[in-house]
Amino acid sequence: RVLRPHRPPEIDRAVRAAAEVLAGGGLVILPTETVYGFGTALVPEAVARLMAAKRRGRPDAPERPLLVLVGARDAEPARALAWTPAAIELADVFWPGALTLVLADPGARFPAGVRSAEGTVAVRATPHPAARALVEAAGGALTSTSANEPGRPPAATFAEALEAARALGLDDVLGVDGGTLPPSAPSTLVDCTGETPRVLREGAVPVSRLRCVLPEVAP
């Protein structure tokens, strides 16, 4: 179900409208536990459009795949990924939350722009109720990237996200206004594809907290 009784009615209406946009292959603005983001369903054409708008995947730009928001590690399509024991333990402790895990996609289930050249996918379960409703509406997974122009700070308000969308040529984007988000670091990014989990970016979840769960986590 998309509707949640603990959300204000205006948020529910916005979620329903955004879910229709996602079903049609469109782009949406969504609030998360860190910043506002742009998102699409896992549809190759929509992913490619968002990658182009964010100027990623071009010959003159380094590859930066979009991350994926999922409902839970044991739900489709997240369970198609290669879950190492370390990844399972980290997800069980820190999800939903601001921890993004990089996992192998051995079956190539995820489209280009989400799946890296090395065959990996970055996934996170968000605790934000509107984002979780959109993930569910999109079939259990939703691409996400910060709502901003390249080189500019991520949006903390819906108005800032909408301004960034228009600057990027995304004039038809629709979304959910979740109010002003509190200041937050981006999610912490951990590569769990090897024998030892490796921190690629320290963010909202400090390395010290990760090591309380897995002392072997490498900085």
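- Within a 6.0 Å sphere centred on CZ of Arg198, other residues, nucleotides and ligands contribute 12 heavy atoms or fewer.
- Annotation: Arg201, atom CZ; neighbour count of heavy atoms from other residues, nucleotides and ligands within 6.0 Å is above 12.
- Considering all non-hydrogen atoms of both residues, Pro44 and Pro111 come closest at CG-CB, 4.2 Å.
- Taking 4.5 Å as the limit, some side-chain heavy atom of Leu134 sits within range of a side-chain heavy atom of Leu22.
- Of the N and O atoms on the side chains of Ser187 and Thr100, at least one donor lies less than 3.5 Å from an acceptor on the other residue.
- Judged by distance alone, with hydrogens and angles left aside, the side-chain atoms of Thr32 form a donor-acceptor pair with the main-chain N or O of Thr34 at under 3.5 Å.
- Ion pair Arg13/Asp177 not flagged as a salt bridge, since none of the NZ, NE, NH1 or NH2 atoms sits closer than 4.0 Å to an Asp/Glu carboxylate oxygen.
- Side-chain contact between Ser144 and Val68: absent, with no pair of heavy atoms (C-beta onward) separated by less than 4.5 Å.
- Of the candidates Val121, Leu50, Leu142, Leu66 forms a side-chain contact (heavy atoms from CB on, under 4.5 Å) with just one, namely Leu50.
- Here the closest non-hydrogen pair linking Pro31 and Ala130 is CG-CB, 4.2 Å.
- Across every non-hydrogen atom of Ala72 and Ala78, the tightest pair is O-CB, 3.5 Å.
- Side-chain contact between Val199 and Leu210 is present, with heavy atoms from C-beta onward closer than 4.5 Å.
- Checked by atom type and distance alone, the side chain of Ser116 pairs as donor or acceptor with a backbone atom of Thr120 at under 3.5 Å.
- A chain of hydrophobic side-chain contacts below 4.5 Å, direct or via other Ile, Leu, Val, Met, Phe, Trp or Tyr residues, connects Leu69 to Val21.
- Judged by distance alone, the side chains of Arg64 and Thr145 never bring a donor and an acceptor atom under 3.5 Å apart.
- Between atom CG of residue Asp191 and atom CG of residue Leu189 there is a gap of 8.0 Å, rounded to the nearest 0.5 Å.
- When side chains are defined from C-beta on, Leu170 counts as touching Arg49, because their heavy atoms get closer than 4.5 Å.
- Rounding to the nearest 0.5 Å places CH2 of Trp83 at 12.5 Å from CD of Glu89.
- The distance from atom OH of Tyr36 to atom CD1 of Ile29, rounded to the nearest 0.5 Å, is 9.0 Å.
- A pairwise comparison of heavy atoms in Val35 and Ser146 identifies CG2-CB, 4.3 Å as the closest pair.
- There is a path of hydrophobic side-chain contacts, each under 4.5 Å, that joins Leu181 to Phe158.
- For Glu202, the CD atom counts as densely surrounded, since its 6.0 Å shell holds more than 12 non-hydrogen atoms of other residues, nucleotides or ligands.
- Between the side chain of Thr126 and the main chain of Arg132, no donor-acceptor pair closer than 3.5 Å is present.
- In the hydrophobic clustering of ILVMFWY residues, with side-chain heavy atoms under 4.5 Å counting as a link, Val93 and Val217 come out together.
- Here Glu33 pairs with Arg124 in a salt bridge; the nearest charged N to carboxylate O distance falls below 4.0 Å.
- Put simply, the side chain of Arg115 does not reach to within 4.5 Å of the side chain of Pro65, judged on heavy atoms.
- For Glu216, the CD atom counts as densely surrounded, since its 6.0 Å shell holds more than 12 non-hydrogen atoms of other residues, nucleotides or ligands.
- Val190 has its side chain out of reach of Val102: every pair of non-hydrogen atoms, C-beta onward, lies at least 4.5 Å apart.
- Nearest heavy atom pair, residue Leu168 against residue Lys54, reads CD1-CD, 4.0 Å.
- The hydrophobic clustering, which links ILVMFWY residues whose side-chain heavy atoms are closer than 4.5 Å, places Leu42 and Leu27 together.
- A salt bridge links Glu76 to Arg109: at least one charged side-chain nitrogen sits closer than 4.0 Å to a carboxylate oxygen.
- Looking only at side-chain heavy atoms (C-beta outward), Asp171 and Val173 stay at 4.5 Å or farther from each other.
- Using a 4.5 Å cut-off on side-chain heavy atoms (C-beta onward), Arg211 and Pro197 make no contact.
- For the pair Trp95 (side chain) and Leu99 (backbone), a donor-acceptor distance under 3.5 Å is present.
- In plain terms, the two heavy atoms of Pro106 and Ala80 that are nearest each other are CD-O, 4.1 Å.
- Of the inter-residue distances, the one linking Leu103 atom CG with Thr84 atom OG1 reads 6.5 Å to the nearest 0.5 angstrom.
- In terms of modelled atom types and a separation under 3.5 Å, the side chain of Thr188 and the main chain of Val205 share a donor-acceptor contact.
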Would Thr180 and Thr157 satisfy side chain to side chain donor-acceptor pair (under 3.5 Å), going step by step from the backbone distance to the final call?
CA-CA 5 Å; Thr180 300; Thr157 68; 5.8 Å; no

